[in-house]
Protein chains: 2
Amino acid sequence: MELSHLKEIIPNYKNITLKKGEILYHEGDKPEYVYFLESGLVGLFHISENGSETFLRVFSPNNILGHRSFFAEENYHATSMALCPTKIVAISKEQCQNTCSQDPSFLKNITRILAKDLREAELRLAGLQDKTAGQRIAESLVYLKLKYPQKTWTRKEIAEYSCSTYETVTRLMTKAEKEDIIKKIGRDFEILDIQKLLKLK
Amino acid sequence: MELSHLKEIIPNYKNITLKKGEILYHEGDKPEYVYFLESGLVGLFHISENGSETFLRVFSPNNILGHRSFFAEENYHATSMALCPTKIVAISKEQCQNTCSQDPSFLKNITRILAKDLREAELRLAGLQDKTAGQRIAESLVYLKLKYPQKTWTRKEIAEYSCSTYETVTRLMTKAEKEDIIKKIGRDFEILDIQKLLKLK
DNA sequence: CGATAGATTGAGAGTTTTCAACCGATGTGG
DNA sequence: CCACATCGGTTGAAAACTCTCAATCTATCG
């Protein structure tokens, strides 16, 4: 979705700069703004009572965030955290409201994003039923590394994205390296053969 | 969402009658219509290669369905099946398009539905990480039976909704009955104590 | 009343997680 | 620029939770 013209059509907006690990909003907070990511990377996480974290979505430049809660008219159901130094533009709810009225394609774009994200979430849900931890981890490696290659993903982040544990991620990665499917580079890694990775048992 | 006025604002529509178990659309099909449920109950299921099924969503009277794929401009990612005799109104994509343009609240309503469903899907995803099978089953019993009390849910349906197996559902229900938390009535059941059910270990 | 779909129960198996100990990389301050 | 502290990664062994498989039983319906 091309939202890069947003700054031009919105009269006044707020700039936010986040360091790695800083929180944009917490689960349960009441939405006051809709955000637009200019540079960096943000992760959306759900943190349960017993402390287990689930990595729900990744936001990269030109992505909108905070929109789900705004359009559902609900408080945030998860916590947004910068995964690296990040610059964000905050637009007030009223401004977002106005943009919706003035630019019909704006709302339609957001509807499409929500519809696609719903598909993804539901397929991940189904994947937890019918895929092994190894398969989910392999798919997560492909998704995260190919879509966001600049980021050195930690085993923990990969685990939380694939709904597994960092030990299991480590084990799968060690196995994949032994079969020349990936190559570890320091704490980072590189995918050598996507097809083999996705078929790894 | 109140969509019951849809028949009045849409000039021509198609009526569909489904028997229990009949399919409205299959995963992979290209959307030609957006549907509106008049009476009955429809389930949305994802069926994986190895045959495991995941019960994603329930649609009841006045619900719209098929909208996710339409607004994402994607083929269906799951299969819709009638859970009991059901009457549906089909609206062509063009008519849906027109309604969006003419009635701004229509699109906004759908956006809200998608946003709420995304929350639900993501929280279920997180729940698979941090809740036991028993907890998920208990929550599914509460959700399905309280929201759709008229339907006799099978153990299999409950299992697919909670991402578990019908044997595990049976075991939990037997346990819950021994503790006077639910009461089995033939193949159906009744919840006697919601709070206890949700806390059942 | 028989046939069939659905439910129950038990036992065993298997995948993942959990716990624990140790190793290695990275980055910062002296 | 080195030393060290810290964060992240690796590996092994044991435990646990569910699932799978199998046999049996019970509702429901024609």
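In what follows, chains are A, B, ... by sequence order, proteins preceding strands, each numbered from 1.
Taking a cutoff of 4.0 Å between a charged side-chain nitrogen and a carboxylate oxygen, A:Lys145 and A:Asp188 qualify as a salt bridge. A salt bridge links B:Glu160 with B:Lys156: at least one charged nitrogen is closer than 4.0 Å to a carboxylate oxygen. Using a cutoff of 4.0 Å between basic side-chain nitrogens and carboxylate oxygens, A:Arg119 and B:Glu74 are scored as salt-bridged. One finds a salt bridge joining B:Lys131 and B:Glu139 here, because a Lys/Arg side-chain nitrogen approaches an Asp/Glu carboxylate oxygen to under 4.0 Å.
Residues from residues 146-158 of chain B that place a heavy atom under 4.0 Å from any atom of DNA chain C, listed by number: B:Thr154, B:Arg155.
With rounding to the nearest 0.5 Å, the separation of CD1 in A:Ile113 from CZ in A:Arg68 is 14.0 Å.
A:Ser69 and A:Lys30 share no donor-acceptor pair across their side chains, judged by distance under 3.5 Å alone. For the residue pair B:His77 / A:Glu122, a side-chain donor-acceptor distance below 3.5 Å is found, with atom types taken as modelled.
Comparing A:Ser164 and A:Arg187, the nucleotide of DNA chain C nearest to each residue sits closer to the 5' end for A:Ser164. Comparing B:Lys20 and A:Thr132 by the nucleotide of DNA chain C that holds the closest heavy atom to each, the one mapping nearer the 5' end is B:Lys20.
Taking a heavy-atom distance under 4.0 Å as the criterion, the stretch of DNA chain D touched by chain B extends 5' to 3' from D:dT18 to D:dT28. Along DNA chain C, read 5' to 3', the first and last nucleotides having any atom under 4.0 Å from a heavy atom of chain B are C:dA5 to C:dA11.
Each of B:Tyr161, B:Tyr166, B:Tyr143 was evaluated against B:Phe55; a single residue qualifies, B:Tyr161, per the ring-ring contact (aromatic ring centres under 6.0 Å, His included) test.
With a 6.0 Å radius and a threshold of 12 heavy atoms from other residues, nucleotides or ligands, B:Lys108 has its NZ atom above the threshold. For A:Gln150, the CD atom is densely surrounded, since the number of other residues' heavy atoms within 6.0 Å is greater than 12.
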